[in-house]
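Below is one structure; the comments refer to it alone.
So you know, we letter chains A, B, ... as the sequences are listed, proteins then strands, and number each from 1. Values reported hereafter were calculated over all heavy atoms of this structure, with side chains retained and with hydrogens, waters and symmetry mates removed.
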Protein chains: 2
Amino acid sequence: MSPPMTPARTRNAAATRTAILEAARKRFAHEGYDQTGVREIASDAGVDAALISRYFGGKEELFGEVLACAPNIAEFLDGDRDSFGERVAQMLAVEPMREEKFELFLIMLRSASSPKAAEAIRRHSHDAFYQPLETWLGGDDAAVRARLLSCVMMGATMNRVIYEDYLLDGQQRQELCEALARTLDNYVSGPV
Amino acid sequence: MSPPMTPARTRNAAATRTAILEAARKRFAHEGYDQTGVREIASDAGVDAALISRYFGGKEELFGEVLACAPNIAEFLDGDRDSFGERVAQMLAVEPMREEKFELFLIMLRSASSPKAAEAIRRHSHDAFYQPLETWLGGDDAAVRARLLSCVMMGATMNRVIYEDYLLDGQQRQELCEALARTLDNYVSGPV
DNA sequence: GGGCCATGTCATCAGTTGGTGACTTCTAGG
DNA sequence: CCTAGAAGTCACCAACTGATGACATGGCCC
């Protein structure tokens, strides 16, 4: 069936690397670092597990590369300042979970307990989340307000993940959303 | 030295059980479910690892028992209503980390990613945290406000754990505390 | 077309994990 | 004193993990 001229993706190092990276990103976000085995990643990517060691050095280094290319805070920051709380609260509480948007959070939540992954998470989340957020906020107490925003966003994400949709119905999620929006905007507009 | 009449704790099933439970509680809170091995728990408790299976059935059941006897929300709830935010915010941001108070949170944060532990966590945190909190709050939207409080408290705990003391100095933690207190009290006094 | 290196496959290792059952030893009760 | 059963010890298993090195094979350049 498939024309032999385009051997699809055989013997293509770049494509293989990408496939591994993509499969790993999803697995790490869904299951966490510990719960994800290199064999599962390889299977998802349709390659041999040995290639992970060959291309990335090992599971730990692969995790680092996944973090490096994971979506960052920019997803939340573009858009006008006044509607930040409303936008983010909608994503956190009302809209169906958009995994791509919160992938960094999901990876953090589910992998932070692994010593092997913890350091990479600390470093990357600081560089790709807090620093940009702090800069975007501006002002003397930007560091504090960035932490406050992080607390609410991470706490909400964690609650939503642990308890399916907060165990709340649509109406209640709407109320949750409004309260979150006010709190977030309060932190954005600061000062505390 | 020790009088031979009281053979300390040898051949005492109840004391052994307690020792295992205590050691497991600390390990699970500090390292999480996955990162804690039955051999480590047994070593801490000064007993043989086989006794864990004998007394509790297995690691998973042990985890369940640990949750059952972990400190619950009552720690935060006793005291007058008006000062709830201030009290909790102080514990979250200013005072040195009081592990006993937040043990349930720590266990949750570090073990929620383990499928074996997740179900027990969901069930127990609902019974020992959300339900009492919701009752304590009262009112129509108590469920929503309980979630809001949980988001802030869990998010703050997680931030403090991942980044040592939020990476903030004392002055900034004080500002953080004041903002958290206002937010928490806002959710307590509700309605949203 | 032929050699050669990048690419992919495979078998296997060493370490760790939770768990089990046979064994020993202590203690209580007669 | 002596037995019976509880309490504790020990050796070991089966499963799984990440990783490695030997090997096969495809494609590109000369």
Search all heavy atoms of [X] against all heavy atoms of [Y] and return the closest pair with its distance.
| X | Y | value |
| --- | --- | --- |
| B/R160 | B/E95 | NH2-O, 2.6 Å |
| B/L168 | A/A143 | CD2-CB, 4.1 Å |
| A/L180 | A/A89 | CB-CB, 4.0 Å |

| Do any of residues 56-65 of chain B sit with a heavy atom less than 4.0 Å from DNA chain D, and if so which? | none
| Do the ring centers of A/F84 and A/W136 come within less than 6.0 Å of each other? | yes
Residue [X], side-chain heavy atoms: nucleotide from [options] that is nearest:
| X | options | value |
| --- | --- | --- |
| B/A50 | D/dA19, D/dC10, C/dT7 | D/dC10 |
| A/R54 | D/dA22, C/dT20, D/dG26 | D/dA22 |
| B/R11 | D/dG18, C/dC26, D/dT9 | C/dC26 |

May I have the distance from [X] (atom [atom1]) to [N] (atom [atom2]), rounded to whole angstrom?
| X | N | atom1 | atom2 | answer |
| --- | --- | --- | --- | --- |
| B/E31 | C/dT17 | CD | C1' | 16 Å |
| B/E40 | C/dT16 | CD | C1' | 11 Å |
| A/Y55 | D/dA19 | OH | C1' | 17 Å |
| B/Q35 | C/dT17 | CD | C1' | 12 Å |
| A/D48 | D/dG18 | CG | P | 14 Å |
| B/I52 | C/dT20 | CD1 | P | 13 Å |
| B/L51 | C/dT24 | CG | C1' | 14 Å |
| B/N12 | D/dG8 | CG | P | 7 Å |

| query | Does the side chain of B/I41 reach to within under 4.5 Å of the side chain of B/L62, using non-hydrogen atoms? | reply | yes
| Hey, is the side chain of B/T16 poking within less than 4.0 Å of OP1 or OP2 on D/dG8, counting only N and O atoms? | yes
| request: May I ask you to decide whether A/K26 forms a salt bridge with A/D44, counting only side-chain N to carboxylate O separations under 4.0 Å? | output: no
| request: Would you kindly check if the NZ (Lys) or CZ (Arg) of B/R147 is within the cone defined by 45 degrees around the ring axis of B/Y130 and under 6.0 Å from the six-membered ring centre? | output: yes
| said: Once hydrogens and angles are ignored, does a donor-acceptor distance under 3.5 Å link the base of C/dT16 to the side chain of B/R39? | reply: no
